[in-house]
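Every value quoted in this text rests on a predicted model; they were computed, and no experiment measured them. All heavy atoms count here, side chains included; hydrogens, waters and symmetry mates do not. First the proteins, then the strands, lettered A, B, ... as listed; each starts at 1.
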Protein chains: 2
Amino acid sequence: MSGVWVMGRSGSGEAGMSDEALEMIAGRFRLLAEPMRLRLLQALQGGERTVGDLVEVTGATQANVSKHLGMLYDAGIVARRKEGLNSYYRIADSSIFDLCDLVCTSLGEKLAAQHEVMRGLGRK
Amino acid sequence: MSGVWVMGRSGSGEAGMSDEALEMIAGRFRLLAEPMRLRLLQALQGGERTVGDLVEVTGATQANVSKHLGMLYDAGIVARRKEGLNSYYRIADSSIFDLCDLVCTSLGEKLAAQHEVMRGLGRK
DNA sequence: AAACCATATCACCATATAGTTATCCGGTCA
DNA sequence: TGACCGGATAACTATATGGTGATATGGTTT
């Protein structure tokens with residue numbers, strides 16, 4: 001409803017948003033387009049975690065976890081705090097959970113609708 | 001705020017959402033992680049369009065546009081209506097615009113913050 | 001029917017990226 | 001100091017995917 005997305009269109013009446021803007025938006029979506037990263041974010045929803053914690057929770061290798069965290073960090077989605085040997089990661093942009101909620105709701109409605117169709121077939 | 005995303009966590013206290021659920025969510029994000037598809041959706045925001053219309057608007061090849069539209073169609077994000085030689089596409093799940101708005105807002109805030117940092121450096 | 005048109009699909013190539021292994025780096029502790 | 005530990009990074013492989021040109025499909029027009 002904020003209209004930032006819509007604004008790009010209304011401005012020039014036809015042109016749409018710039019290539020760079022679309023690329024940025026797509027890039028943000030791309031970061032969330034990976035189950036492992038979603039799992040990491042979900043784990044961080046419970047509060048600050050070390051890389052080791054996240055390795056344990058996800059069952060992934062340390063290198064893989066570290067790489068994904070690095071990507072999320074570069075994008076500013078998570079923040080990092082180093083203490084002794086450990087790196088503590090935490091959510092820096094909680095709006096991503098709103099995104100996930102929206103997607104979940106949308107998918108849930110779609111599945112419910114499909115289920116209803118099947119039920120309709122059943123009782124013919 | 002709906003809490004669908006959060007629910008997965010609160011349920012078992014630690015396990016998180018299932019792999020399939022995360023895969024579905026990631027898949028939805030993956031669809032939006034492409035500038036060309038975002039451009040198509042943006043064009044469709046103005047109402048129903050034929051493939052030819054979208055080819056003209058985006059400047060992409062017909063095959064490419066058709067392929068992307070097919071993906072969005074399979075995911076239920078757009079709907080299709082065939083009339084004569086033409087296929088008319090339209091938005092079927094408008095919640096994607098809410099997603100785009102959220103991302104735009106988040107990115108905008110991030111850029112504004114960075115800009116502020118630079119300004120701070122400027123006037124030292 | 002034949003020519004034509006809009007769209008969908010196929011086969012292909014080029015590129016991007018997730019995962020793995022090995023290694024490096026910095027800090028801690030004996 | 002040297003052994004050890006957590007984490008980051010590099011090199012590599014395998015796979016997924018976007019773009020393209022060619023072709024198939026289904027409907028229209030003459």
>> Pairing donors with acceptors under 3.5 angstrom, does anything connect the side chains of Arg49(A) and Tyr89(A)?
In response: no
> Of the candidate nucleotides dA8(C), dA8(D), dT7(C), which contains the atom at the shortest distance from the side chain of Tyr89(B)?
Replying inline: dA8(C)
> Rounding to a whole Å, what distance do you find between Leu69(B):CG and dT7(C):P?
Replying inline: 10 Å
> Rounded to whole angstroms, how far apart are CD on Gln62(B) and C1' on dT9(C)?
Replying inline: 10 Å
> Any Lys/Arg nitrogen of Glu34(A) or Arg39(A) sitting under 4.0 Å from an Asp/Glu carboxylate oxygen of the other?
Replying inline: no
> Taking side chain as C-beta onward, heavy atoms only, is Lys82(B) less than 4.5 Å from Tyr88(B)?
Replying inline: no
> Does Ile25(B) belong to the same Ile/Leu/Val/Met/Phe/Trp/Tyr cluster as Leu111(A), with side-chain heavy atoms less than 4.5 Å apart forming each link?
Replying inline: yes
> Starting at NZ of Lys82(B) and ending at P of dG26(D), how long is that distance when rounded to a whole Å?
Replying inline: 9 Å
>> With a 4.0 Å limit, can you tell me whether Ser66(B) has a side-chain N or O closer than that to the phosphate oxygens OP1/OP2 of dA6(C)?
In response: no
> With no hydrogens and no angle check, do the side chains of Thr50(B) and Asn86(B) hold a donor and an acceptor under 3.5 Å apart?
Replying inline: no
> Can Gln42(B) and Trp5(A) be counted as having a side-chain donor-acceptor contact under 3.5 angstrom?
Replying inline: no
> Does any donor atom in the side chain of Asn64(A) or Thr61(A) lie under 3.5 Å from an acceptor atom in the other side chain?
Replying inline: no
>> Counting only side-chain nitrogens and oxygens, does Arg80(B) get under 4.0 Å of the OP1 or OP2 atom of dA8(C)?
In response: yes
Between the protein and nucleotides 13-21 of chain D, list the N/O to N/O atom pairs that are separated by less than 3.5 angstrom.
| residue | atom | partner | partner atom | Å |
| --- | --- | --- | --- | --- |
| dG18(D) | OP1 | Arg37(B) | NH1 | 3.4 |
| dG18(D) | OP1 | Arg37(B) | NH2 | 2.9 |
| dG19(D) | OP2 | Asn64(B) | OD1 | 3.2 |
| dG19(D) | OP2 | Asn64(B) | ND2 | 3.1 |
| dG19(D) | OP2 | His68(B) | NE2 | 2.5 |
| dG19(D) | O5' | Asn64(B) | ND2 | 3.3 |
| dG19(D) | N7 | Lys67(B) | NZ | 3.1 |
| dG19(D) | O6 | Lys67(B) | NZ | 2.8 |

> Between Pro35(A) and Leu22(B), which heavy-atom pair has the shortest distance, and what is it?
Replying inline: O-CD1, 4.1 Å
> Has Ser87(A) got a side-chain N or O lying under 4.0 Å from the OP1 or OP2 atom of dA8(D)?
Replying inline: yes
> Out of curiosity, Ile91(A) CD1 to Leu44(A) CG, how far, rounded to the nearest 0.5 Å?
Replying inline: 4.5 Å
I'd like a table of atom pairs between the protein and nucleotides 24-30 of chain C - only N or O on both sides, under 3.5 Å - with the distance next to each one.
none

>> What is the separation between atom CZ on Arg81(A) and atom P on dA8(D), rounded to the nearest whole Å?
In response: 13 Å
